Amino acid sequence: MEELRLEKLKSLKEKGINPYPYRFDFTDFIGDLRKRYETDPKGETVSVKGTAKRVSRVEEGFVIRLADENLEILVFTEEQVEPKKEYVFEGKLLRIEGKLSVVDAKLSSEAKDKIKEIKEKYDKEPDREEVAVGGRVVAIREMGKAIFGHIQDLSGKVQIYLRKDILGEERFEFFREYIDLGDILGVKGKLFRTQTGELTVEVEDFQLLSKCLHPLPEKWHGLRDVELRYRQRYLDLIANEEARRIFILRSKVLSLLRQFFDSKGFIEVETPILQTVASGAAAKPFVTYHNYLEMNLFLRIAPELYLKKLVVGGFPRVYEIGKNFRNEGVDRTHNPEFTMVEFYASYWDYNDLMKFTEEFFVYLLENTLGTLKLEYEGKELDFTPPFKRARYFELLEEKTGKDKSFFLGDVERVREFAKEIEVKHADRLTHAKLIDKIFEKVAEEDLVQPTFVIDFPKIISPLAKTHREDPDLVERFEFIVATYELANAYTELNDPFDQKERFVEQIKEKEMGDEEAMDMDEDFIRALEYGLPPTAGEGIGIDRLIMLLANTDSIREVILFPHLRPS
RNA sequence: GAGCCGGUAGCUCAGUCGGUAGAGCAGCGGCCUUUUAAGCCGUUGGUCGCGGGUUCGAGUCCCGCCCGGCUCACCA
């Protein structure tokens with residue numbers, strides 16, 4: 001902590017001022033002010049003339065403050081220009097961090113628009129409305145008898161303007177003396193626009209709402225150190241607009257997801273995370289210990305079996321959004337705890353689920369990014385339905401020249417083939433795992449566009465219903481986007497005798513060395529004996545979905561507090 | 001687990017061949033009533049991740065450890 005800020009804290013208390021007051025009467029979040037007085041352009045082409053007041057280098061090119069008749073607009077360009085000279089730029093009009101900006105701008109010869117007219121169109125006059133807003137002080141610019149600054153909340157930033165003649169000597173000096181960058185401040189005053197057109201609160205009164213005892217990260221570069229950004233995510237959120245954007249997006253996706261599922265007659269439920277048998281997926285669980293019961297419990301690897309028990313119980317459509325825990329390696333696309341939505345619908349089969357999935361993605365994309373074509377790691381992904389469909393064994397045959405009967409035939413010949421194409425540990429994998437690994441190795445990497453891979457081999461799908469046209473297959477699909485498995489779904493196996501046999505097969509697999517093979521859940525079999533209606537179920541990985549929408553290549557960027565070793 | 005890269009001021013980063021540890025921002029003291037990466041003048045600030053070694057001398061070279069990133073493995 002900073003010595004000086006601690007002294008201020010002490011001095012405030014001595015003056016009888018509580019640096020941590022109980023409440024603040026505010027009228028708006030900052031973003032609401034902006035919504036009221038500003039509309040967002042939609043990327044229309046404009047060309048404007050003005051003087052380059054400041055040229056700043058950023059990662060890709062330059063940001064220019066272009067001024068005409070004292071009104072300013074930001075220009076993002078790769079063109080190199082000199083300050084204080086006049087230029088004409090043509091580009092797309094967008095609002096970036098609250099400011100009207102011409103992006104992808106190129107030098108041009110003729111200006112068809114005036115900055116003044118653009119501003120009048122999108123920035124309305126606030127008519128000195130009286131407002132009270134709170135936020136963290138992120139900039140202070142002293143100007144003698146006036147002070148400018150910015151306060152920020154999650155919804156945005158707004159400029160504050162303090163004048164000695166309005167506040168009076170004592171309050172003005174109090175601000176200079178006691179308010180630091182990082183403090184939470186409440187201000188009351190009138191909204192106006194400055195000469196350059198920026199929405200600003202002319203402060204009539206202010207109150208310290210909480211003292212910040214540490215200096216803030218650097219204002220221009222933000223907080224870059226990845227380790228610090230994850231360990232102290234609050235600082236990341238204060239300093240980096242991109243971090244705020246991603247987690248607001250994540251929240252929006254969850255909200256849209258609930259809206260969509262609720263509107264389709266699904267009921268949201270919660271099932272146990274602590275389980276005595278961790279089943280429903282192929283993975284190694286975390287183990288924990290219950291002191292009172294004196295027994296080991298597992299953190300769930302999937303909610304699947306519980307959700308199907310609910311369908312048996314008469315819930316026709318259920319969904320659960322929740323964490324699953326898998327005791328596996330950690331990398332760019334795997335976190336030991338991750339969020340899934342898993343859902344089940346009576347009377348549906350996997351064809352219904354594919355339609356539903358298409359509809360869901362369209363709903364999600366239109367309400368977040370506003371487009372069905374999104375850019376991910378330099379590639380354009382097109383979510384216009386219908387999505388591509390590819391049969392599992394047809395893909396395999398296309399890539400290897402070997403057909404289904406080969407892969408499902410003699411295990412040793414499959415093993416030989418796996419060794420040939422350098423599948424790791426081919427000599428000790430079970431038949432099921434061999435096929436799975438060969439598929440991952442040869443087929444998955446080419447699946448960039450959204451694709452339903454359908455009709456998986458039965459031996460790697462112990463909970464899926466046998467294919468109605470082929471006893472070697474099950475009615476299952478994985479939804480693959482940008483080579484990642486985004487969803488996994490099937491027509492549910494509801495024959496208790498078949499299910500029991502499949503579990504027995506899994507136990508054999510486990511005995512043959514597959515640690516991830518599924519455990520038998522006796523109560524689940526009993527539930528099936530009471531009758532599970534025809535049902536289809538699906539799980540969608542929320543973290544990977546957010547990665548896709550946010551265009552980020554690391555799962556840690558979309559998890560607020562990713563796991564790190566203690567420092 | 002292995003390889004590579006990184007850890008230097010609160011933050012973002014430089015630091016050459018081993019020779020007294022730097023910049024910008026933030027901070028502090030001034031000037032400035034429409035500024036906005038404000039500007040101008042002055043100025044404080046270091047366990048160079050930790051421990052050991054080589055050397056007259058180590059941020060720099062060597063060894064070990066810790067934390068992070070990337071890649072490959074493990075998990076399977």
Side-chain angles (χ1 to χ4, degrees), chain A residues 1-5 7-8 53-58 62-65 67 70-72 74 97-99 137-150 157-167 172 176-177 180-182 192-200 202 212-232 235-236 238-240 282-285 326-332 334 336 418 422-430 432-434 436-437 440 460 509-510 512-517 553-554 556-557 562-567:
Chain A
M1 281 182 291
E2 275 201 336
E3 199 68 33
L4 213 92
R5 294 190 182 209
E7 278 169 25
K8 289 181 186 177
K53 277 188 75 177
R54 174 182 283 274
V55 180
S56 314
R57 179 178 285 280
V58 291
F62 302 90
V63 182
I64 298 161
R65 282 174 51 208
N70 257 335
L71 281 171
E72 285 180 14
L74 289 183
E97 288 198 50
K99 294 184 179 178
V137 178
V138 292
I140 295 175
R141 295 178 292 276
E142 276 193 48
M143 289 272 305
K145 295 186 183 63
I147 300 170
F148 285 92
H150 276 91
K157 254 187 252 185
V158 71
Q159 183 164 250
I160 56 174
Y161 177 44
L162 297 92
R163 295 171 56 129
K164 198 173 202 168
D165 56 0
I166 291 175
L167 283 165
F172 192 79
R176 285 180 20 110
E177 191 76 14
D180 292 308
L181 275 183
F192 76 110
R193 287 190 185 279
T194 58
Q195 278 184 13
T196 56
E198 176 155 2
L199 196 65
T200 304
E202 190 181 79
C212 175
L213 298 174
H214 293 274
L216 284 189
E218 209 245 6
K219 65 182 170 192
W220 187 240
H221 299 93
L223 187 67
R224 287 289 175 81
D225 186 319
V226 214
E227 193 178 344
L228 277 184
R229 286 185 45 231
Y230 298 159
R231 284 193 201 281
Q232 294 177 271
L235 284 184
D236 188 31
I238 292 168
N240 298 326
K284 284 212 296 188
R326 297 187 182 175
N327 207 339
E328 296 166 353
V330 177
D331 63 33
R332 257 183 34 244
H334 296 83
E422 294 176 334
V423 168
K424 307 275 167 12
H425 310 287
D427 46 342
R428 44 189 175 94
L429 290 176
T430 61
K433 280 280 173 190
L434 277 170
D436 206 20
K437 290 290 149 190
E440 277 176 23
I460 62 171
E509 289 276 310
K510 197 156 217 165
M512 284 164 71
D514 181 355
E515 285 186 66
E516 286 187 335
D553 66 351
S554 169
R556 296 182 194 102
E557 295 293 339
H563 186 74
L564 297 175
R565 284 193 164 86
S567 55

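All heavy atoms count here, side chains included; hydrogens, waters and symmetry mates do not. Throughout, a chain's letter reflects where its sequence line sits, starting with A, and its residues are numbered from 1. Keep in mind the model is a prediction, meaning the values are calculated, not measured.
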**Prompt:** Is there a Watson-Crick or G-U wobble partner for B/rU34 with both distances under 3.5 Å, and if so, which one is it?
**Reply:** none
**Prompt:** Would you say a side-chain N or O of A/R332 is under 4.0 Å from OP1 or OP2 of B/rU71?
**Reply:** yes
**Message:** Just to verify, which of A/R224, A/R229, A/R231 counts as forming a side-chain hydrogen bond (donor to acceptor under 3.5 Å, both in side chains) with A/D236?
**Reply:** A/R229
**Message:** Closer than 3.5 angstrom, by distance alone: can the side chain of A/K164 be matched with the main-chain N or O of A/F172 as a donor-acceptor pair?
**Reply:** no
**Item:** Partner nucleotide of B/rG51 by Watson-Crick or wobble geometry (both distances under 3.5 Å)
**Value:** B/rC63
**Prompt:** Is A/H563 close to A/V330 at the side-chain level, that is, under 4.5 Å between some pair of heavy atoms?
**Reply:** no
**Request:** Take atom C1' in B/rC66 and the same atom in B/rA9, then report the distance between them in whole Å.
**Result:** 22 Å
**Request:** Looking at every strand, decide which applies to A/K510 at a 4.0 Å heavy-atom threshold: base, sugar-phosphate, or nothing.
**Result:** nothing
**Prompt:** Which nucleotide, in any strand shown, forms a Watson-Crick or G-U wobble pair with B/rG18, with both distances under 3.5 Å?
**Reply:** none
**Asked** With both distances under 3.5 angstrom, what nucleotide forms a Watson-Crick or G-U wobble pair with B/rG27?
**Response** B/rU43
**Prompt:** Quick one: is B/rG69 close enough that its OP1 or OP2 comes under 4.0 Å of any side-chain N or O from A/R565?
**Reply:** no
**Item:** Student check: side-chain heavy atoms of A/I238 and A/L216 closer than 4.5 Å
**Value:** yes
**5' precedence on RNA chain B between A/Q195 and A/L74 (nearest-nucleotide basis)** = A/Q195
**Prompt:** Would you say A/E557 and A/Y230 make side-chain contact, with heavy atoms under 4.5 Å?
**Reply:** yes
**Request:** Check whether any side-chain N or O of A/R141 sits under 4.0 Å from OP1 or OP2 of B/rA38, and answer yes or no.
**Result:** yes
**Under 3.5 Å on both distances, the Watson-Crick or G-U partner of B/rA58** = none
**Asked** Hey, what's the ring geometry for A/F148 with A/Y161, parallel, tilted or perpendicular (30° and 60° as the breaks)?
**Response** parallel
**Item:** C1'-based separation of B/rC13 from B/rG59 [nearest Å]
**Value:** 15 Å
**Prompt:** Heavy atoms under 4.0 Å, any strand shown: does A/R556 hit a base, just sugar-phosphate, or nothing?
**Reply:** sugar-phosphate
**Request:** Return the nucleotide paired to B/rC4: Watson-Crick means purine N1 to pyrimidine N3 with N6-O4 or O6-N4, wobble means G-U with N1-O2 and O6-N3, both under 3.5 Å.
**Result:** B/rG69
**Side chains of A/V158 and A/H150 in contact at under 4.5 Å (non-hydrogen atoms)** = no
**Request:** Among B/rG68, B/rG27, B/rC32, find the nucleotide with the atom closest to the side chain of A/L181.
**Result:** B/rG27
**Asked** So what does A/K433 touch, heavy atoms closer than 4.0 Å: a base, only the sugar-phosphate, or nothing?
**Response** nothing
**Message:** Regarding A/K437, tell me which of base, sugar-phosphate or nothing describes its non-hydrogen contacts under 4.0 Å with the strands shown.
**Reply:** base
**Item:** Side-chain N or O of A/R54 closer than 4.0 Å to phosphate OP1/OP2 of B/rA37
**Value:** yes
**Asked** Got a donor-acceptor contact below 3.5 angstrom from the A/R332 side chain to the A/D553 backbone?
**Response** yes
For nucleotides 8-15 of chain B, print each protein N/O atom paired with a nucleotide N/O atom at under 3.5 Å, atom names and distance only.
{"from": "B/rC11", "atom 1": "O2'", "to": "A/E218", "atom 2": "N", "distance (Å)": "3.0"}
{"from": "B/rC11", "atom 1": "O2'", "to": "A/G222", "atom 2": "O", "distance (Å)": "3.3"}
{"from": "B/rU12", "atom 1": "OP1", "to": "A/R224", "atom 2": "N", "distance (Å)": "3.0"}
{"from": "B/rU12", "atom 1": "OP1", "to": "A/D225", "atom 2": "N", "distance (Å)": "2.9"}

**Prompt:** Reckon A/E72 touches a base, only the sugar-phosphate, or nothing at all at heavy-atom distances under 4.0 Å?
**Reply:** nothing
**Distance, rounded to the nearest Å, where A/L235 contributes CG and B/rA26 contributes P** = 17 Å
**Prompt:** When all nucleic acid strands are considered with a 4.0 Å heavy-atom cut-off, which category describes A/I147: base, sugar-phosphate, or nothing?
**Reply:** nothing
